[in-house]
Every structure is written in C-alpha cells, then in structure tokens.
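Only one structure is covered here, and it is reproduced in the block below.
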2 protein chains.
Amino acid sequence: MPMRNCRGQGWWHGKFRGCGYRLTVGREAILDLLSGGKGHLSAEDIYLKIHARYPNVGLTTVYRTLDVLSGLGMVHKFDFGDGRARYELAQGPKGEHPHHHHLVCTSCNRVIDYTDFIDDEVELLRRTEKGLGEKYNFKITSHVIQFYGLCAKCRENK
Amino acid sequence: MPMRNCRGQGWWHGKFRGCGYRLTVGREAILDLLSGGKGHLSAEDIYLKIHARYPNVGLTTVYRTLDVLSGLGMVHKFDFGDGRARYELAQGPKGEHPHHHHLVCTSCNRVIDYTDFIDDEVELLRRTEKGLGEKYNFKITSHVIQFYGLCAKCRENK
DNA sequence: TTGAAAGTGAAAACCATTTTCAATAACTGC
DNA sequence: GCAGTTATTGAAAATGGTTTTCACTTTCAA
Ligand SMILES: [Mn+2]
Ligand SMILES: [Mn+2]
Ligand SMILES: [Zn+2]
Ligand SMILES: [Zn+2]
C-alpha cells in the first residue's frame with residue numbers, strides 16, 4: 001500500500017507533538033528534505049528547495065523551524081566559516097545519519113563527512129568530557145570537531 | 001636602557017616585514033593588545049580598547065588587521081555561536097599562549113581555555129590528521145575542538 | 001627627500017538573520 | 001463538523017556584524 005499523502009506519519013510526529021509543537025506543512029517539508037539527502041544545507045538552500053514545491057512557505061519559516069529543530073536536538077547547526085549557518089539532521093532514532101565529524105576545505109568550502117577514527121575519537125571525547133566536566137563543574141552537552149585544510153581538488157589546482 | 005618609543009621592535013616585526021606588510025600604529029597596537037592579556041576578544045572589544053589610546057584607529061582597520069593576522073596564522077579566529085567572531089593570539093615563537101581547546105557555555109557564552117587532556121587529544125589529532133589526510137588526499141592545516149554545555153555558574157542559577 | 005604603493009577612516013553598502021504584526025492554520029473540546 | 005483558543009505564518013522592515021568604497025595619508029625603499 002503506497003504512502004498516504006497525509007501529514008503526521010513521520011517518525012518525528014511523536015517528538016514534535018510531545019513538546020507542544022504543531023505539525024505544519026512547512027515543518028514537515030523541511031524535515032523531509034533534511035531526512036532525504038545530503039546535509040550541510042544553508043537556510044537559503046532549504047528555502048529554495050522547499051519553496052519550489054510549496055510556494056507559500058517563506059524563508060522566515062525555514063529559519064524558525066530550524067531553530068525549533070535545533071532546540072529539540074533534531075538538527076545540528078554548524079558554522080564552517082563561510083558566513084552562513086549550515087544544518088544537518090541529527091542522528092535518527094534508528095541510527096540513521098550516524099554521528100560524524102567534518103573536514104572543511106578552506107579554499108572551496110567543500111565539507112567532507114568522515115566516520116573513520118570516530119571510535120577512537122568518541123572514546124577520547126568521553127574521557128575528556130568526564131574529566132573536564134569534573135574539573136570545571138561544566139555540564140557538557142555537545143562538541144564540535146572540525147579539521148580545516150585543502151581538499152584533493154583544490155590541491156590539484158594549486 | 002629603557003625601551004625606545006619607536007615601532008618595529010616586536011617579535012612580529014620580522015614576520016610582518018618578511019611578508020611585505022608595513023608596520024603601522026594600528027597594527028602594532030592590536031598586536032600589543034592581543035599579546036597582553038585575555039583572548040576571545042571581538043573586533044569591537046579590540047576597537048574600543050585601542051581607540052581609547054589611539055583615537056584615530058578605526059574599527060575598519062581593526063577588522064582589516066585581524067584578517068591579515070589570521071592569514072599569517074598569527075591569530076586564530078573563532079566562532080563561539082554568539083554572532084560575532086572572536087580572536088586570540090596564536091602560539092608565539094617562544095611557546096607563549098600554548099595550544100588549547102575551548103569549553104563554551106551555551107547560556108552565558110563564557111569561554112574556558114583548557115589544556116588538560118591536551119596531550120591525549122593532540123596525539124589522537126595527529127593520528128587522525130594523518131589517516132584522514134591519506135584517505136581523502138586532504139591537506140589538514142588546523143582543527144577546532146570545542147565542547148558546549150553549561151558552566152558552573154549557570155548550573156547553580158538553573 | 002621623494003614617489004609609488006600600501007594603508008587608512010568615515011560612510012555607505014552588504015547580507016544573513018531576526019523582529020514585527022496582522023492574517024491564517026492547527027489543535028482542543030464540544 | 002464547529003467554534004474558540006493559540007501557535008504559526010509570510011511579507012516587509014529592522015538589526016547588526018562585517019565588508020566595500022574612495023579620497024586621503026602613511027610607510028618605506030631608493
Ligand atoms: Mn556532516
Ligand atoms: Mn582560547
Ligand atoms: Zn577545496
Ligand atoms: Zn555559563
């Protein structure tokens with residue numbers, strides 16, 4: 001049986017409603033888009049794609065929805081140094097979009113996800129978070145690890 | 001013999017001139033300020049302090065100088081998520097301002113430098129940079145490691 | 001000392017993001 | 001369904017950190 005074209009069937013339905021948020025066309029469309037493909041989209045990227053299919057979803061709503069989703073921990077907001085925020089879906093309930101870190105090319109702004117070494121890194125992070133949390137009485141909730149440099153393409157064209 | 005009041009005596013003289021940059025009052029003042037004290041200053045922070053002593057150094061020059069210094073690798077530019085860039089002097093030639101990472105309070109925006117665990121972290125980073133560099137043919141030049149959470153003060157006032 | 005080029009301040013422009021506000025859509029209880 | 005409450009919305013205006021412009025000044029090598 002094909003997926004019915006009615007809203008409120010997504011895995012996020014519960015989380016959304018549970019927090020008192022209403023399910024709207026724009027929010028659903030944005031979550032769909034983020035679930036569907038590549039990450040590191042800017043608000044405008046998202047707006048342009050959404051707006052093509054739903055012409056009455058405005059850029060303001062995109063910003064507001066991304067804020068809500070960030071607050072709920074459902075998307076992560078990144079700054080890769082190009083002057084606009086980038087968003088990507090957080091790890092889903094079934095392990096989709098697994099936790100990863102980033103390589104950022106300072107020349108072309110390409111962003112590479114990597115999960116190599118993630119185990120070592122996560123283990124170190126765990127220890128570090130514990131140690132720092134105790135020493136500074138600091139409650140760590142998230143971390144950012146990014147490597148900057150030159151990507152393969154930009155090294156060729158150097 | 002007391003320090004003469006002429007410019008061009010700082011440790012950065014060589015690096016500056018070597019790269020074809022001219023030594024100016026504003027640049028010297030900014031480097032002095034950054035060398036002198038606490039990091040994580042915004043361009044406006046710097047401007048206000050500099051401008052008090054040198055009223056004819058403008059905010060534009062502060063931004064331009066910070067760009068130059070970033071380009072030379074003499075200062076690091078950070079985004080801690082409060083909408084303005086923060087700058088701090090990079091590790092000096094004699095090991096001043098040693099390499100460190102950051103704890104960022106998402107409530108009050110306080111930033112804590114830490115060097116605990118730095119050895120473990122740096123060792124991991126070295127391995128990771130090597131592995132990633134080979135696998136992705138990516139030339140890594142720098143990294144950012146930041147932990148976000150609630151500082152001690154903000155946990156009390158929760 | 002002098003000239004070419006780098007550097008500068010003030011004001012204007014830029015531009016990603018936020019705010020405002022009247023209109024609309026989503027939910028709740030009937 | 002229906003109405004009432006309230007969250008949510010789009011368009012336009014405002015915000016605010018940063019960059020650009022441009023005529024003027026300073027640096028520095030010759
Ligand atoms: Mn990613
Ligand atoms: Mn620091
Ligand atoms: Zn590149
Ligand atoms: Zn705090």
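Keep in mind it's a predicted model, so treat the numbers as computed, not measured. Computed from heavy atoms alone, side chains included, the values below leave out hydrogens, waters and symmetry copies. In the text below, chain A, chain B and the rest are named by the order of the sequence lines, each starting its count at 1.
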[atom1] of [X] versus [atom2] of [N]: gap in Å, rounded?
{"X": "B/D45", "N": "D/dT18", "atom1": "CG", "atom2": "C1'", "value": "15 Å"}
{"X": "B/I46", "N": "D/dG17", "atom1": "CD1", "atom2": "C1'", "value": "14 Å"}
{"X": "A/L48", "N": "C/dA16", "atom1": "CG", "atom2": "C1'", "value": "14 Å"}
{"X": "B/R17", "N": "C/dG7", "atom1": "CZ", "atom2": "P", "value": "11 Å"}
{"X": "A/R27", "N": "C/dA26", "atom1": "CZ", "atom2": "C1'", "value": "10 Å"}
{"X": "A/L66", "N": "C/dT17", "atom1": "CG", "atom2": "P", "value": "10 Å"}
{"X": "A/E28", "N": "D/dT8", "atom1": "CD", "atom2": "P", "value": "14 Å"}
{"X": "B/D79", "N": "D/dT18", "atom1": "CG", "atom2": "P", "value": "10 Å"}

>> Taking any heavy-atom pair under 4.0 Å as a contact, classify A/R22: base, sugar-phosphate, or nothing.
In response: base
- Look at all strands and tell whether B/R64 reaches a base, only sugar-phosphate, or nothing, counting heavy atoms closer than 4.0 Å. base
From the list B/H76, B/H40, B/K38, side-chain hydrogen bond (donor to acceptor under 3.5 Å, both in side chains) partner of B/E88 resolves to B/H40
Residue pair B/Y63/B/Y21 against DNA chain D: nearer the 5' end by closest nucleotide is B/Y63
A/E96 atom CD, neighbour heavy-atom count above 12 within 6.0 Å
yes
Review point. For the residue pair A/H51 and A/Y47, does the interplanar ring angle fall in the parallel (under 30°), tilted (30 to 60°) or perpendicular (over 60°) class?
Key: tilted
Under 30°, 30 to 60°, or over 60°: which ring-plane class applies to B/H101 and B/H143, parallel, tilted or perpendicular? perpendicular
Taking C/dG7, C/dA11, D/dT9 as options, the one with an atom nearest any side-chain atom of A/T24 is D/dT9
Taking C/dT18, D/dG17, D/dT18 as options, the one with an atom nearest any side-chain atom of B/R84 is D/dG17
